[in-house]
Undergrad: 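Mind looking over this structure? Questions follow.
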Amino acid sequence: MPYNHKKIDKKWQRIWGQKNTFKTQDFSKKPKFYILDMFPYPSGVGLHVGHPRGFVATDIYSRYKRIKGFNVLHPMGFDAFGLPAENYALKNKIHPEESVRKNIKRYREQLEIIGLDYDWSRTLSTTDPDYYKWTQWTFLQMFKKGLIYQSLEPINWCPKCKTGLANEDLEGDKCERCDTKIIKKPIKQWVIKITKYADRLLKDLEELNWPENIKELQRNWIGKSEGYVIEFKTNDKPVSVFTTRIDTLFGASYLAIAPEHELNKSSLIKNKKEVQKYVKKSLGKPDIERSQEKTGIQLKGIFANNPVNNEKIPVFTADYVLSYYGTGAVMAVPAHDQRDYEFSKKYNLKIKKVIKNDFQNKAFENFGILINSASFSGLESKKAQEKIAKLVKAEKKITYKLKDWVFSRQRYWGEPIPLIHCQKCGVVPEKNLPLKLPKVKSYQSTKTGESPLKNINSWVKIKCPNCQGPAERETNTMPQWAGSCWYYLRYIDNKNDKKLIDPRKERYWMPVDFYVGGAEHATRHLIYARFWHKFLYDIGIVSEKEPFLKLKSPGMISGTDGRKMSKRWGNVINPDQVIQEYGADAFRTYEMFMGPFNQETAWSDKAIKGIRRFLDKVYLLKEQKGKDIEKLFQKTIKKVTQDIEEFKFNTAVSALMILLNEMEKSRITKKNLKIFLILLHPFAPHLTCEIWEKKEFADNVFFQKWPEFKEIKEEKTKIIVQVNGKVRSLLEIDSGLEQIEVEKIALSKIEKWTTKERVKKIVFIKDKLINFVI
RNA sequence: GGGCAGGUGGUGAAAUUGGCAAACACGUUAGCCUUAGGAGCUAGUGCUGCAAAGCUUGUGGGUUCGAGUCCCACCCUGCCCACCA
């Protein structure tokens with residue numbers, strides 16, 4: 001291999017470091033550009049080649065923007081609290097603080113040898129007390145604003161991790177982290193009222209320049225639906241139900257309530273024992289199990305009145321009804337809801353069609369024309385809804401699938417929740433932040449499932465800051481997602497110990513212009529962070545409603561076998577080894593060349609060799625005489641510029657290859673060589689810097705201007721000649737010729753296929769195509 | 001069950017958005033060079049065919065002078081959500 005990548009990579013990384021080349025100044029005459037990577041979670045195994053795909057892309061974009069004359073902020077940090085880090089530490093019998101420090105060091109080394117242009121002086125870790133001080137501070141602001149409440153409802157419990165999990169942390173009915181089947185367990189949890197922001201989270205999505213599929217995922221996650229709340233009178237307390245199909249009210253043949261519903265405790269129930277047994281059984285089941293087969297039990301002795309026709313209908317407790325959605329009770333319309341249909345079949349309940357249809361053996365769920373609905377028969381669903389609602393005095397209501405955010409974990413390795421429980425004063429916020437995580441030897445979960453912090457008496461038992469009476473600290477910690485909700489703000493002002501962020505700097509840098517990271521965060525990190533940001537906006541800490549203007553997600557890189565890279569398959573490829581063998585520039589350029597940025601692709605040990613060959617040839621380029629290829633140069637400048645802008649790096653690289661292949665056979669001037677190096681620089685920064693220096697070109701590659709391209713008019717043009725749409729010939733003629741002239745030339749070329757007489761019609765597009773239809 | 005993305009050579013892929021399908025690269029074949037080749041260079045390489053020529057973008061239909069691209073139906077793969085009333 002003609003160039004020594006090991007030497008060159010090291011040399012330039014050292015020079016960039018010594019000269020502080022990538023140090024970013026706050027404020028500048030240049031326009032600002034904030035480009036951000038989703039910061040990594042430093043696990044024990046280190047990065048595999050899939051992780052840096054996004055980092056390399058932002059690096060290319062960032063270097064491109066710098067050369068284009070922007071003041072670029074491109075920072076990197078680490079998200080290191082949470083279960084995986086704690087489990088890793090437990091397994092390896094070291095303290096998580098220790099393992100996290102080691103892992104971060106390793107990650108940073110791995111990132112540095114790729115030659116990324118981060119300003120490391122702005123780095124941060126979510127586990128650093130100077131950082132989580134402000135995570136805790138924001139939490140307390142939410143607490144003061146009444147956005148946080150305690151709840152004792154049954155939560156998803158992982159018996160192995162011994163912690164409560166939000167629905168988002170589940171994989172079906174299993175714990176996402178350890179694959180253990182979860183159970184329902186009532187535990188006192190802190191919960192954030194993210195649902196209060198549901199509408200804004202939904203509405204503000206519209207303005208964002210995000211991929212449509214990610215927006216759609218968020219919309220579905222928030223899950224807005226409009227309907228009505230109808231009150232059904234019973235012989236006990238009335239039951240409110242939520243429905244989106246009030247037009248089917250005449251078809252309601254029973255009420256179904258969730259096992260958690262109040263009415264289950266009614267004294268009028270005749271079969272109390274059975275009902276209680278059913279309720280108890282249901283509450284222990286995870287939701288998935290509840291969804292597998294529809295079961296229920298009638299509340300004997302209880303009846304409801306259908307408000308539209310006073311019909312007396314039975315009431316069932318059924319665990320297919322979810323307590324946390326709508327009102328926890330539904331009116332069942334078997335003819336028009338598949339779930340109710342199945343239930344009715346099983347328990348032999350009335351199935352009454354009220355929307356015209358020919359369906360048999362299943363429910364018809366579409367809108368349509370009402371039948372069997374007294375004076376409303378004949379109306380169309382939408383119209384009927386308003387009228388029926390008016391009649392039964394139903395209230396319009398908007399419901400969301402989004403649930404409040406269970407914010408506490410019964411674990412050691414997280415931000416301590418800065419609250420104090422006092423018998424007299426209730427819950428009191430901590431005054432001295434950061435509330436540091438105490439150092440302990442043993443941080444195993446307690447047998448009761450409570451946080452390990454519970455065992456540290458000296459930390460837990462304190463005096464109430466209000467009344468000086470005996471009080472206890474909250475021992476739950478925050479979930480893994482907490483720290484990543486606002487880290488992008490802290491890069492802007494990472495050493496500020498007075499404020500979360502200096503407002504002047506915030507106004508200068510925010511919002512993030514471009515955010516790049518995995519699509520798997522579409523519904524968790526990206527919703528939580530947007531929520532957190534909106535809260536900070538509401539209390540005047542930030543000036544923008546949305547944190548991330550533009551978003552792109554890299555496609556996964558799978559192993560050479562096409563399977564997801566994992567220890568289990570033994571197909572993990574380590575970037576260090578690849579860089580060792582082929583150099584950082586070949587690694588970077590190959591990751592961009594392998595396919596479209598947002599598409600999953602399998603790694604290939606062989607294909608990277610082509611990139612290395614390309615770079616070797618670049619290294620050997622020298623000024624020489626030959627034919628002029630100015631046109632191709634202009635075309636390539638245009639292509640590479642546009643492709644970088646659009647994150648189409650694969651075709652940008654291929655354009656550079658095409659240019660190089662031509663250059664080898666053509667005239668190369670000093671000017672052209674410089675342009676080529678500038679175009680290649682974002683992809684292969686080490687090599688281009690080296691060549692630039694070796695050729696004794698002035699200055700440095702990244703202090704150059706990005707080349708502008710000129711549109712060059714072609715004098716000659718190629719015209720496709722078709723007969724009946726099939727290509728039969730190709731003409732190379734002067735540009736701008738009119739149809740009559742082209743016809744003459746073209747006809748002589750296609751004598752084999754047709755004659756002038758047989759031509760019925762001619763389709764002509766100037767400078768492009770002529771098609772003879774016969 | 002719902003949503004989203006996708007289906008093009010032996011492989012990764014490209015196609016100016018309706019106008020030469022397969023650019024670029026990997027692999028491979030032949031030759032050169034070499035003591036050697038897991039180096040380099042030259043030429044070839046979608047399929048069928050000796051050739052002329054024909055065929056080819058998951059399947060079937062449609063629109064069009066012309067379809068990988070637009071429309072309809074279906075099949076397959078991947079990801080996400082999933083009793084959301």
Side-chain angles (χ1 to χ4, degrees), chain A residues 1-2 167-168 172 211-217 219-221 223-225 227 241-246 248 256 287-288 290-294 318-322 324-333 336-340 342-343 365 399-403 519-520 522-523 555-556 558 560 562 564 590 593-596 598-611 613-614 616-617 635 638-639 642 648 650-661 718-730 752 759-765 768-774:
Chain A
M1 289 196 263
N167 273 16
E168 294 88 305
E212 200 42 50
N213 64 322
I214 292 196
K215 283 197 196 181
E216 194 59 25
L217 278 170
R219 279 186 209 114
N220 291 343
W221 191 262
K224 179 178 179 171
S225 58
V241 306
F242 173 73
T243 179
T244 54
R245 292 302 302 275
I246 196 168
T248 62
D287 290 351
I288 290 253
R290 280 170 66 161
S291 77
Q292 272 150 9
E293 203 199 339
K294 286 178 187 43
D319 63 12
Y320 78 88
V321 181
L322 304 171
Y324 50 78
Y325 185 79
T327 58
V330 302
M331 63 176 212
V333 185
H336 303 290
D337 183 293
Q338 189 58 26
R339 295 158 299 182
D340 301 343
E342 284 164 29
F343 192 85
E365 296 186 329
T399 313
Y400 298 92
K401 288 184 200 171
L402 185 72
K403 276 179 261 174
E520 69 272 21
T523 50
M556 221 179 53
S558 47
T560 48
K564 192 172 169 171
Y590 173 60
F593 180 68
M594 60 196 305
N598 59 0
Q599 187 182 300
E600 182 183 330
T601 318
W603 181 266
S604 158
D605 298 317
K606 287 177 181 162
I608 190 173
K609 289 183 183 163
I611 296 290
R613 277 178 206 146
F614 163 68
D616 283 336
K617 289 191 216 162
K635 215 174 118 186
K638 184 177 175 185
K639 178 83 179 148
Q642 287 176 349
K648 291 176 171 175
N650 53 333
T651 47
V653 174
S654 110
L656 288 167
M657 286 174 166
I658 292 168
L659 179 57
L660 176 93
N661 290 345
K718 281 179 186 168
I719 291 207
I720 302 154
V721 183
Q722 295 180 331
V723 177
N724 277 354
K726 287 201 172 168
V727 179
R728 292 307 183 191
S729 184
L730 207 59
K752 196 170 170 188
V759 174
K760 270 202 236 154
K761 185 180 165 188
I762 296 171
V763 179
F764 177 73
I765 297 164
K768 210 165 211 174
L769 168 137
I770 186 158
N771 185 12
F772 297 94
V773 185
I774 55 171

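Residue numbers start from 1 in every chain, and the chains themselves are labelled A, B, ... in the order their sequence lines are given, proteins ahead of strands. The shown structure was predicted, so the numbers you read here are calculated from the model rather than taken from an experiment.
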Undergrad: When you compare B/rG46 with B/rC32, how far apart are their C1' atoms, in angstrom units rounded to a whole number?
TA: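 Taking atom C1' in both B/rG46 and B/rC32, they lie 28 Å apart.
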Undergrad: Scan A/V321 against the nucleic acid and name what it touches under 4.0 Å (heavy atoms): base, sugar-phosphate only, or nothing.
TA: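 Base contact - A/V321 has a heavy atom under 4.0 Å of at least one base atom.
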Undergrad: List every contact pair, protein side and nucleotides 63-71 of chain B side both N or O, where the distance is under 3.5 Å.
TA:
from, atom 1, to, atom 2, distance (Å)
B/rC65, OP1, A/K761, NZ, 3.4
B/rC65, O2', A/N771, ND2, 3.3
B/rC65, O2, A/N771, ND2, 2.3

Undergrad: A/K617 NZ to B/rC41 P: how many Å, rounded?
TA: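 Atom-to-atom, A/K617 to B/rC41, this comes out as 6 Å.
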Undergrad: Which whole-number value in Å describes the distance from A/D319 CG to B/rA85 P?
TA: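 Value for this atom pair: 18 Å.
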Undergrad: A/D319: which residues meet the salt bridge (Lys or Arg N to Asp or Glu O under 4.0 Å) condition with it, sequence neighbours left out?
TA: A/K285
Undergrad: Mapping A/K768 and A/E216 to their closest nucleotides on RNA chain B, which lands nearer the 5' end?
TA: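 Of the two residues, A/E216 wins.
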Undergrad: Given that both distances must come in under 3.5 Å, which nucleotide forms a Watson-Crick or G-U wobble pair with B/rG66?
TA: none
Undergrad: If I pick the P atom on B/rU57 and the same atom on B/rA22, what distance separates them, to the nearest angstrom?
TA: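 Comparing P positions in B/rA22 and B/rU57 gives a spacing of 14 Å.
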Undergrad: Looking at NZ of A/K635 and CD1 of A/I658, how far apart are the two atoms once the value is rounded to the nearest 0.5 Å?
TA: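 Between A/K635 NZ and A/I658 CD1, I get 7.5 Å after rounding to 0.5 Å.
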Undergrad: How many Å lie between CD on A/Q338 and C1' on B/rG2, as a whole number?
TA: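 Distance, rounded to whole Å: 14 Å.
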Undergrad: Send over the distance from A/K401 NZ to B/rC80 C1', rounded to a whole Å.
TA: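 So the NZ-C1' distance, A/K401 to B/rC80, works out to 12 Å.
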Undergrad: Contact class for A/N661 (heavy atom, under 4.0 Å): base, sugar-phosphate, or nothing?
TA: sugar-phosphate
Undergrad: List, with names and distances, any nitrogen or oxygen atoms from the protein found under 3.5 Å away from nitrogen or oxygen atoms belonging to nucleotides 6-14 of chain B.
TA:
from, atom 1, to, atom 2, distance (Å)
B/rG12, O2', A/M594, O, 2.4
B/rA13, OP1, A/Q599, NE2, 2.8
B/rA14, OP1, A/N650, ND2, 2.8

Undergrad: If the threshold is 4.0 Å, N to carboxylate O, is there a salt bridge linking A/R219 and A/E212?
TA: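 A salt bridge links A/R219 with A/E212.
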Undergrad: Please assess A/Y590 against A/W603 for the test ring-ring contact (aromatic ring centres under 6.0 Å, His included), listing each intermediate value before the final yes or no.
TA: CA-CA 10 Å; A/Y590 173 60; A/W603 181 266; 4.9 Å; yes
Undergrad: Is the closest side-chain heavy-atom distance between A/N650 and A/M594 below 4.5 Å?
TA: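 Of all side-chain heavy-atom pairs linking A/M594 with A/N650, none is under 4.5 Å.
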Undergrad: Using Watson-Crick or G-U wobble geometry with both distances below 3.5 Å, tell me the partner of B/rA73, or none.
TA: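 Answer to the pairing question: B/rU59, which forms a Watson-Crick or G-U pair with B/rA73.
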Undergrad: Does B/rG9 sit syn or anti, given that only angles within 90° of 0 count as syn?
TA: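 Judged by the O4'-C1' to base torsion, B/rG9 sits in syn, the angle falling within 90° of 0.
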Undergrad: Report yes if a donor N or O on one partner sits less than 3.5 Å from an acceptor N or O on the other, where the partners are the side chain of A/R339 and the base of B/rA85; otherwise report no.
TA: yes
Undergrad: Could you tell me the separation between the CE atom of A/M556 and the P atom of B/rC79, rounded to a whole number of Å?
TA: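 Taking atom P of B/rC79 as the reference, CE of A/M556 is at 8 Å.
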Undergrad: What's the separation between atom OG1 in A/T248 and atom NE2 in A/H336, rounded to the nearest 0.5 Å?
TA: 6.5 Å
Undergrad: Does anything in residues 603-611 of chain A reach RNA chain B, meaning a heavy atom under 4.0 Å, and if so which residues?
TA: A/K606, A/A607, A/G610
Undergrad: Can you check the distance between B/rG78 and B/rG58, where both ends of the measurement are the C1' atom (answer in whole Å)?
TA: 15 Å
Undergrad: Are more than 12 heavy atoms from other residues, nucleotides or ligands located less than 6.0 Å from atom NZ of A/K224?
TA: yes
Undergrad: So what's B/rA13 paired with, Watson-Crick or G-U wobble, going by both distances under 3.5 Å?
TA: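 When the pairing criteria are applied, nothing turns out to pair with B/rA13, so the answer is none.
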Undergrad: Using the C1' atoms only, state how far B/rA14 lies from B/rA85, rounded to an integer number of Å.
TA: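 These two C1' atoms come out 48 Å apart once rounded.
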Undergrad: How many whole angstroms separate atom CG of A/N213 from atom P of B/rG78?
TA: 18 Å
Undergrad: Show, in sequence, the C-alpha distance, side-chain angles and deciding distance for A/S225 and A/F242, and conclude whether the side chain to side chain contact (heavy atoms under 4.5 Å, CB included) test is met.
TA: CA-CA 10 Å; A/S225 58; A/F242 173 73; 4.2 Å; yes
Undergrad: By the rule that syn is within 90° of 0, classify the base conformation of B/rU45 as syn or anti.
TA: anti
Undergrad: CD1 of A/I611 to CG of A/D616: how many Å apart, nearest 0.5 Å?
TA: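 Separation between the atoms: 11.5 Å.
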Undergrad: Given the P atoms of B/rU63 and B/rC71, what is the spacing between them in whole Å?
TA: 15 Å
Undergrad: According to salt bridge (Lys or Arg N to Asp or Glu O under 4.0 Å), who are the partners of A/K215, at least two apart in sequence or on a separate chain?
TA: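 A/K215 satisfies salt bridge (Lys or Arg N to Asp or Glu O under 4.0 Å) with no residue once adjacent residues are dropped.
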Undergrad: Report yes if at least one side-chain N or O of A/T399 is closer than 4.0 Å to OP1 or OP2 of B/rA85; otherwise report no.
TA: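 A/T399 to B/rA85 OP1/OP2: no side-chain N or O under 4.0 Å.
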Undergrad: Using a cut-off of 4.0 Å on non-hydrogen atoms, how would the nucleic acid contact of A/I658 be classed: base, sugar-phosphate, or nothing?
TA: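 Sugar-phosphate, no base atom in range.
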Undergrad: So, taking the atom named NZ in A/K606 and the one named NZ in A/K609, what distance separates them when rounded to the nearest 0.5 Å?
TA: 7.5 Å
Undergrad: With A/E342, which residues qualify under salt bridge (Lys or Arg N to Asp or Glu O under 4.0 Å), at least two apart?
TA: A/K294
Undergrad: In this structure, how many angstroms lie between the P atom of B/rC81 and the CD atom of A/E520, rounded?
TA: 11 Å
Undergrad: Is the NZ or CZ atom of A/K403 positioned over A/Y324's six-membered ring, under 6.0 angstrom from the centre and within 45° of the axis?
TA: yes
Undergrad: Can you tell which of B/rC4, B/rC20, B/rC84 lies closest to the side chain of A/L322?
TA: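 Between B/rC4, B/rC20, B/rC84, the one nearest the side chain of A/L322 would be B/rC84.
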Undergrad: When you check the phosphate oxygens OP1 and OP2 of B/rC20, does a side-chain N or O of A/R728 lie under 4.0 Å from one of them?
TA: no
Undergrad: A/S654 or A/I214: which one's nearest nucleotide on RNA chain B is closer to the 5' end?
TA: A/I214
Undergrad: On a whole-Å scale, what distance lies between the C1' atoms belonging to B/rG9 and B/rC79?
TA: 27 Å
Undergrad: Is there a Watson-Crick or G-U wobble partner for B/rU48 with both distances under 3.5 Å, and if so, which one is it?
TA: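 Across all strands, the one nucleotide that pairs with B/rU48 is B/rA53.
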Undergrad: I'd like the P distance from B/rA67 over to B/rG19, given in whole Å.
TA: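 Each nucleotide's P atom is 11 Å from the other's.
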Undergrad: Return the nucleotide paired to B/rC79: Watson-Crick means purine N1 to pyrimidine N3 with N6-O4 or O6-N4, wobble means G-U with N1-O2 and O6-N3, both under 3.5 Å.
TA: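 Base-paired to B/rG3.
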Undergrad: When all nucleic acid strands are considered with a 4.0 Å heavy-atom cut-off, which category describes A/R219: base, sugar-phosphate, or nothing?
TA: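 Nothing, no nucleic acid heavy atom in range.
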Undergrad: Over 60° means perpendicular and under 30° means parallel, so tell me whether A/F343 and A/Y320 are parallel, tilted or perpendicular.
TA: tilted
Undergrad: Between B/rC26 and B/rA43, how far apart are the two P atoms, rounded to whole Å?
TA: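 The same atom, P, in both gives a distance of 15 Å.
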Undergrad: Between A/Q642 (CD) and B/rA15 (P), how many Å, whole number?
TA: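 Rounded to whole Å, this separation is 12 Å.
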Undergrad: Please give the nucleotide sitting opposite B/rA43 as a Watson-Crick or G-U wobble pair, both distances under 3.5 Å, or none.
TA: B/rU29
